[in-house]
Asker: 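Pasting in a structure now, in structure tokens, and then I'll have a few things to ask.
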Amino acid sequence: MPMSAHEVRQALRDLGDLRYAAGDLDDALRRIVQCTHELFAVDGASLMLIDPDQLLRNVADSDERVGHLEELQIEHGEGPCIDAFDDKELVHAADLAAEKRWPSFSPAAVERGLRAVLASPIPYNQMAIGVVAVFSATVRPWTPEGELALVAFTDLAALTIANTMQSEERGELASQLQRALDARVLIEQAKGALVARDVVTAGEAFEQMRRRARAERRRVVEIAQEIMSDTGRT
């Protein structure tokens, strides 16, 4: 049954205290995810934030299968949450079994019980820092009302994060996010250097760094630092 405008308003009203507070970020994000799960009546909901290597990691989820979203997208370097994050746009997939945008991710996701996904980027200082996503284990066309509702929850998550980041007492999760934001500057610089040097796209440049990090069992940010050091010497 489609959600009503009244149900969306009531859900946001129940979370209204998060708009003006800078409390426990972990608890606040868990509340947003649980409320999203219940409103959408889906099989799972998740909130992902970037780590220092700019990979999307679950920080709150309502179903253990959501972990497959994180795992498979990192493994294959593609997927709805990655596109939502990279393009800063809402991404919907009603049937991953028929989805051609992510040829490696989609069949692996279906095999793990993920059939439909709706993902919305979390904005922060004119960039994306994460994604709020819901998934269904069955084919599910996402309605315009559902899309607008997810954007509303995403914006609430963004406001909650911004309030916490500006607080003197951030907590561990906010501190981790700050480290990720600091690392992002270096990784973006390294991507730019590879784009100019190897004539590749920004996405290909990041995958190049990611493959090297995997092969050498190191972090992407360390590879980025070396690239910038080498660029400075040439």
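Nothing here was measured: the structure is a model prediction, and the numbers come from that model. Both backbone and side-chain heavy atoms feed into the values below; hydrogens, waters and symmetry mates do not.
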Asker: Is the side chain of R31 donor-acceptor paired with the backbone N or O of D26 at a distance under 3.5 Å, no angle test?
Answerer: no
Asker: Taking C-beta and beyond as the side chain, do E99 and D95 meet within less than 4.5 Å on heavy atoms?
Answerer: no
Asker: E71 and salt bridge (Lys or Arg N to Asp or Glu O under 4.0 Å): which partner among R57, R65, R112?
Answerer: R112
Asker: With side chains defined as the heavy atoms from C-beta onward, is the minimum distance between E145 and V8 less than 4.5 Å?
Answerer: no
Asker: Without hydrogens or angle criteria, can the side chains of Q176 and D51 be said to hold a donor-acceptor pair below 3.5 Å?
Answerer: no
Asker: Quick one, E78 with K100, criterion salt bridge (charged side-chain N to carboxylate O under 4.0 Å, His left out). Give me CA distance, side-chain angles, the key distance, then yes/no.
Answerer: CA-CA 12 Å; E78 63 180 27; K100 306 300 182 185; over 6 Å; no
Asker: Does H37 use its side chain to pair, donor to acceptor, with the backbone of V42 at less than 3.5 Å?
Answerer: yes
Asker: Would you find a donor on one side and an acceptor on the other, under 3.5 Å apart, between the side chain of D53 and the backbone of L55?
Answerer: no
Asker: Atom CD1 in I227, atom CG in L194: separation rounded to 0.5 Å?
Answerer: 4.0 Å
Asker: Rounded to the nearest 0.5 Å, what separates atom CG in D61 from atom CG in L69?
Answerer: 10.0 Å
Asker: Checking side chain to side chain contact (heavy atoms under 4.5 Å, CB included) for the pair V195/T201: CA distance, chi angles, key distance, verdict?
Answerer: CA-CA 6 Å; V195 167; T201 67; over 6 Å; no
Asker: Check for me, please, whether L12 and V134 land in the same ILVMFWY cluster - side-chain distances under 4.5 Å, paths through other members count.
Answerer: yes
Asker: Taking the side chain as everything from C-beta on, heavy atoms only, tell me whether F85 gets closer than 4.5 Å to I122.
Answerer: no
Asker: Can you name the closest pair of heavy atoms from A193 and M228 and give their distance?
Answerer: CB-SD, 4.2 Å
Asker: Short question: side chain of Q54, backbone of I187 - any donor-acceptor pair under 3.5 Å?
Answerer: no
Asker: Report, as yes or no, whether the 6.0 Å neighbourhood of atom CD on E216 holds more than 12 heavy atoms from other residues, nucleotides or ligands.
Answerer: yes
Asker: When you look at R184 and Q189, which way does the side chain to side chain contact (heavy atoms under 4.5 Å, CB included) test go after all the steps?
Answerer: CA-CA 8 Å; R184 184 173 196 161; Q189 291 173 340; over 6 Å; no
Asker: Counting only N and O atoms by type, is there a donor-acceptor contact under 3.5 Å from the side chain of R210 to the main-chain atoms of R219?
Answerer: no
Asker: Can you find a heavy atom in the side chain of L47 that is under 4.5 Å from one in the side chain of L49?
Answerer: yes
Asker: Do E204 and Q208 have side-chain N/O donor and acceptor atoms under 3.5 Å apart?
Answerer: no
Asker: Without swapping roles, check the side chain of T36 against the backbone of A45 for a donor-acceptor pair under 3.5 Å.
Answerer: no
Asker: Mind checking whether F105 and Q73 have side chains closer than 4.5 Å, heavy atoms only?
Answerer: yes
Asker: Do other residues, nucleotides or ligands put more than 12 heavy atoms under 6.0 Å from the CD atom of E111?
Answerer: no
Asker: Please walk me through it: do R212 and E222 pass salt bridge (charged side-chain N to carboxylate O under 4.0 Å, His left out)?
Answerer: CA-CA 10 Å; R212 180 180 164 189; E222 294 174 0; over 6 Å; no
Asker: When rounded to the nearest 0.5 angstrom, what distance separates CG in N125 from CG in L181?
Answerer: 8.0 Å
Asker: Would you confirm whether N58, through its side chain, and M48, through its main-chain N or O, come within 3.5 Å as a donor-acceptor pair?
Answerer: no
Asker: Identify the two heavy atoms, one from A28 and one from T160, that lie closest to each other, and give their separation to 0.1 Å.
Answerer: CB-CG2, 3.7 Å
Asker: First locate atom CG of D83, then atom CH2 of W102, and finally report the distance between them rounded to the nearest 0.5 Å.
Answerer: 6.0 Å
Asker: Could you see if M209 belongs to whatever hydrophobic cluster contains V200? Use Ile, Leu, Val, Met, Phe, Trp, Tyr and a side-chain cutoff under 4.5 Å.
Answerer: no
Asker: Look at the side-chain heavy atoms of Ile, Leu, Val, Met, Phe, Trp and Tyr, link any pair under 4.5 Å apart, and say whether M127 and L56 land in one connected group.
Answerer: yes
Asker: Can you see which heavy atom on M165 is nearest to which on L177, and at what distance?
Answerer: SD-CD2, 4.1 Å
Asker: Tell me whether W142 contacts the main-chain N or O of A93 through its side chain, where contact means a donor paired with an acceptor under 3.5 Å.
Answerer: yes
Asker: Does the side chain of I32 come within less than 4.5 Å of L156's, by heavy atoms?
Answerer: yes
Asker: Quick one, L96 and V139 - any side-chain contact, counting heavy atoms below 4.5 Å?
Answerer: no
Asker: Are D43 and V66 close enough, and set up right, to give a side chain to side chain contact (heavy atoms under 4.5 Å, CB included), and what steps lead you there?
Answerer: CA-CA 9 Å; D43 292 294; V66 178; over 6 Å; no
Asker: Hey, what do you get for OG (S120) to CG (L148), rounding to the nearest 0.5 Å?
Answerer: 10.0 Å
Asker: Would you name the heavy atoms of A119 and P80 that are closest together and state the gap between them?
Answerer: CB-O, 4.1 Å
Asker: Minimum heavy-atom separation for A97 to V110, with atom names?
Answerer: N-CG2, 3.6 Å
Asker: Closest heavy-atom contact between S104 and H76?
Answerer: CB-ND1, 3.5 Å
Asker: Quick one: CD1 on I129 to CD on Q178, what's the gap to the nearest 0.5 Å?
Answerer: 10.0 Å
Asker: Between F135 and D63, is any pair of side-chain heavy atoms under 4.5 Å apart?
Answerer: yes
Asker: Hydrophobic clusters here meaning ILVMFWY residues chained together by side-chain heavy-atom distances under 4.5 Å, can you tell me if V131 and V151 are in one?
Answerer: yes
